Amino acid sequence: MTNMASYSKKIDAKWQCKWDETGLYKFKRERIKDKLYCLEMFSYPSGANLHIGHWWNFGLTDSWARAKRMQGFEVFEPMGFDAFGLPAENYAIKTGIHPQDSTMSNIETMRKQLRTMGAMFDWDYEVVTCQPDYYKWTQWLFLQLYKQGLAYRKQAPVNWCPCCNTSLANEQVDDGACERCQTEVTKKNLTQWFFKITAYADELIAGLEGINWPEKTKTMQCNWIGRSTGAAIKFNLLGPDDEIRVFTTRADTLLGCTYVVLAPEHRLVDVVTVTEKRAQVDEYIEYVKKQSEIDRLSTAKEKTGVFTGAYALHPVTGERLPIWIADYVLVTYGTGAVMAVPGHDTRDYEFALKYELPIPKVIKASEDEDGALPFVEDGVLVNSGQFDGLTSEEARLAIVEYLAANGDQASQTINYRLRDWLVSRQRYWGAPIPVVYCDSCGIVPVPEADLPVLLPYDVDFTPDGISPLAKSEEFIHTPCPQCSKPAKRDTDTLDTFVCSSWYFLRYPDNRSSDKPWDPAWINQMLPVDMYVGGPEHAVMHLLYARFITKALRDMGYINFDEPFKSLVHQGIILGPDGEKMSKSKGNAVSPDLYIEAHGSDVFRLWLLFGFNYIEGGPWSDDGIKAVARFVERVERFVDRAVKIRHSKSPAFGRAEKEVNYVLHHAIRGITKDVEAFGFNTCISRLMELMNALYRYDSEVVDKDGKFIYEVMSNFVRLFAPFAPHLAEELWQSLGHSYSVHDESWPEYNEAALVKDTIELAVQVNGRIRDKIEVASDADEATIKAEALKAEKAVLFIEGMTVRKIIVIKGSLVNIVVS
RNA sequence: GCCGAAGUGGCGGAAUGGCAGACGCACUUGACUCAAAAUCAAGCGUCCUCUGGACGUGCCGGUUCGAGUCCGGCCUUCGGCACCA
């Protein structure tokens, strides 16, 4: 018996040390030509130990990257921390422990824990977003966007989370509630900084074409951007010299417009409302304000509105159209005003019925059909004067053209659902916005030479809706960079999504101190070849990162258009109860006990084997023992292979051929499956190979020990990405030299996959009746003849006429009879 | 309401239009053992008149020699969008 220690976490530690000492996974910059940038979404340093989600994301992606490394790629797999953000600040409010202190100590814990995972992270390239050497460049990024006019400040009603005490970007509002704490958001009028992501709306859609991302994610981004083509049409007011601009995708229904609706918050409401209606209108606006965002957006709710007493003029007929205000028109979409066509829009229809407004029909399904209203599809125009008889499609062009020619009253337009990205946050634990306000000079960006604008340590961050930095006298007061007169700093911090929208650019050049990165180097290292992270970032982070990349490209700092060439979303491992894991629900499962008991590779193997990576599912440890058993089987067989290694080698016979077949079948399968993150089948193939080896050992008396040793060596190579520590140990036990991870990936041999004889199923009329054994190179005629002789098949053929025989090579024969 | 994905044994899950349930878990039986554990071996979709056969991948239909897979219609679950003009 070879004296090998059986696998445990001691083996993990042993090899982790060795890897560190030998710098095994250090990225070799000179091999840039073969680089493969494999990135996992970096994590927020929360206090607790690593959870299953981290393992699932980092550990399994690492297995993918390890396979790639063995296939000859120089893998760049960095790790870092998205360290700014609310949880640390909230924790501080509760406990008095400063975010800086808790974050840095959490990071230390996580670093240690991540090392025990045994991933290939190259810590030389770590980034920590809350450190001045990182956020200096986050601020730099802000200044570049500002210079380009892509960062601007405006007063607007913004989403406000009363619980987080801060404003939120549109993307951070989920069903009218704060994405983070589920508190209902309210509106607040504030002057805030925005990034002009809308300037890239079209390109953000177009860029989706060329990247290897899940279709679902692309669709989500596309929907989020919400591009719709239509027309802008002007309605002059009766009386005041002003106009209402509306956006519509249905200019063809213009002649059916019987009133115009403004959102209650629309600028013109105040202008048009007549004196007699003023009280009613004001009252209505008050009523709307009191509605919650959720109620306001509910489609189920009955629409309400009020007549302003004013009229607009129909751009074609000149007819007087009453101007209403109603809550079903949103100030945030389009122009905040609509032309109401009750005959052909369900919402306008409902509203018109309720307030007894006329509902004419201007579109028919076809010339001779006459359906009920509202009819919302395209059709043929009627009651539309000169436009009668045109199809909707034709009319959309004709009507806009006519109006354009007639005093520039309309134009073709594209409208987007996407809003500019609000980046100001009234919180402490973030990167300060590098801007100074001077009474004489106005908005003055902090000169790049003065960066970083340091986040002060001693700050009262009690949440009261006022930015904590505003309460720091030492922070706010600064001389104006332009005129040196006393001025004040911006007291808001940047949305943490700003930090994470460029970190992948910093990793490869994380020590650069005079510029954020060296463009020549970054242009070689990027784009990221494989990006793996949760589907919850499908719009927010991934859209922001794409936008920032495109903006930086336009400024000449990088030369590529898309940051992430390929993207995979891992599934979510739920609690054993099928609910999302969370501390408060008490269904969180910690990996630690499993690792303590079985070692990190067994835990990793179980994650790989027990679930589908893309789908995830409820946690269960039912099979972890099976995996531990498998590992023991593997260890025992390594001993066995070493023992019989020098037994005499008979001719390479049937039994050896069978084992060889299973080996090459496994190589082929694993090579293909690992590519698509199909890890569970990879482990299955390895189990099959192990089963075949045991079968051989117990059935064959005259063993070919040298061959079995070779097979086992290949097994360990294939095993290495999935059980990195154990594989090193086994590799050593086999007598090979360090390191198995520097070995090349086995290649399969077509010839080994060709068996001497193969079993074919014999079907009669598509139902399996018998099996036959034929030579694998048998021709069709032979196979047909054999099939017709198959005993059990004959019973079903007798007395029938054979119509056709279909032969599927290597699989089956179907005899069609009648 | 619109868009998309999914639905396979008791369980996790496999199946380029070609032998459904690979690989495991759980379970049953046997070997070894004083016994247990471990290990090894066998069985394990349902039903029946059981050396065989019928049925079977959410439901109903279709295409095909052949459908879990393709097409049409439904049901359920999940995800996204939703008074978006």
Side-chain angles (χ1 to χ4, degrees), chain A residues 174-175 214-224 226-228 230-231 233 246-251 253 261 263 296-303 326-330 332-341 344-348 350-351 376 415-418 535-536 538-539 572 606 609-612 614-615 617-627 629-630 632-633 636 669 672-673 678 680-691 694 698 759-771 792 795 803-818:
Chain A
D174 195 10
D175 253 337
E215 280 310 314
K216 193 184 155 126
T217 306
K218 293 197 206 178
T219 309
M220 276 168 72
Q221 293 214 344
C222 214
N223 289 343
W224 188 264
R227 183 183 202 268
S228 74
I233 300 176
V246 305
F247 173 76
T248 179
T249 54
R250 292 300 303 273
T253 64
V261 194
R296 175 78 190 271
L297 291 172
S298 160
T299 48
K301 187 181 78 76
E302 195 182 334
K303 299 174 190 3
D327 55 358
Y328 79 94
V329 175
L330 306 174
T332 50
Y333 185 78
T335 58
V338 301
M339 60 177 227
V341 186
H344 304 282
D345 179 285
T346 47
R347 297 152 301 180
D348 298 339
E350 271 176 54
F351 193 80
V376 298
N415 193 59
Y416 301 91
R417 204 187 79 98
L418 180 71
E536 66 274 20
V539 270
I572 297 167
W606 169 235
F609 178 63
F611 310 83
N612 176 302
I614 310 295
E615 284 163 22
W619 170 255
S620 147
D621 59 8
D622 276 355
I624 199 159
K625 277 199 214 107
V627 170
R629 189 148 59 216
F630 172 63
E632 284 162 26
R633 257 165 89 77
R636 281 202 308 273
K672 183 169 149 279
D673 291 349
N680 50 0
T681 47
C682 292
I683 308 301
S684 295
R685 296 293 90 83
L686 288 170
M687 288 174 167
E688 282 166 359
L689 179 53
M690 199 37 63
N691 291 344
Y694 271 93
S698 72
E759 191 188 63
L760 295 183
V762 179
Q763 295 184 335
V764 178
N765 285 348
R767 323 202 54 149
I768 291 164
R769 299 302 180 185
D770 206 348
K771 311 250 164 124
K792 289 170 200 151
L795 300 171
R803 298 282 173 204
K804 204 184 330 179
I805 303 178
I806 293 147
V807 177
I808 307 298
K809 279 263 162 81
S811 178
L812 56 74
V813 184
N814 189 11
I815 303 166
V816 185
V817 299
S818 63

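Everything quoted here is computed from the prediction, not taken from an experiment.
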List in chain and number order the residues that pass salt bridge (Lys or Arg N to Asp or Glu O under 4.0 Å) with A:Arg347, two or more places apart in sequence or in another chain; answer none if no residue qualifies. A:Asp345
Across all chains, not counting sequence neighbours, the side chain to side chain donor-acceptor pair (under 3.5 Å) partners of A:Asp621 are A:Tyr594
I'd like to know if A:Glu215 pairs up with A:Lys218 as an ion pair, taking the criterion as any Lys NZ or Arg NE/NH1/NH2 lying under 4.0 Å from an Asp or Glu carboxylate oxygen. yes
Distances under 3.5 Å between nitrogen or oxygen atoms of protein and nucleotides 38-48 of chain B:
{"unit_1": "B:C40", "atom_1": "OP1", "unit_2": "A:Arg633", "atom_2": "NH1", "d": "2.5"}

Using the 3.5 Å cut-off, write out each protein N or O paired with an N or O of nucleotides 2-9 of chain B and the distance between them.
none

Below the 4.0 Å mark, does B:C84 have OP1 or OP2 next to a side-chain nitrogen or oxygen of A:Asn415? no
Looking at the side chain of A:Tyr333, which of B:C23, B:A85, B:C25 is the nearest nucleotide? B:A85
For A:Glu350, the salt bridge (Lys or Arg N to Asp or Glu O under 4.0 Å) test, sequence neighbours excluded, returns A:Lys303
Heteroatom pairs (N/O) under 3.5 angstrom, protein to nucleotides 65-68 of chain B:
{"unit_1": "B:C65", "atom_1": "O2'", "unit_2": "A:Asn814", "atom_2": "ND2", "d": "3.2"}
{"unit_1": "B:C65", "atom_1": "O2", "unit_2": "A:Asn814", "atom_2": "ND2", "d": "2.5"}

Among B:A85, B:C55, B:G18, the one nearest A:Leu812 by side-chain distance: B:G18
Can you name the residues that form a ring-ring contact (aromatic ring centres under 6.0 Å, His included) with A:Tyr333, not counting sequence neighbours? none
Just to verify, what does A:Val338 make a side-chain contact (heavy atoms from CB on, under 4.5 Å) with, not counting sequence neighbours? A:Val261, A:Val329
Dot-bracket summary - RNA chain B, pairs being Watson-Crick or G-U whose distances fall under 3.5 Å, with | when paired to another strand: (((((((..(((.....[....))).(((((.......))))).((((...))))..(((((..]....))))))))))))....
Holding to salt bridge (Lys or Arg N to Asp or Glu O under 4.0 Å), I want the full list of residues that pass it with A:Arg227, two or more places apart in sequence or in another chain. A:Asp202
Separation of B:G12 atom C1' from A:Phe611 atom CZ, nearest Å, is 8 Å
With sequence neighbours left out, write down each residue that passes side chain to side chain donor-acceptor pair (under 3.5 Å) with A:Asn680, or none if nothing qualifies. none
Contacts of A:Thr217 that satisfy side chain to side chain donor-acceptor pair (under 3.5 Å) - sequence neighbours left out: A:His569
In terms of base orientation, is B:G53 syn or anti, with the syn window spanning 90° either side of 0? anti
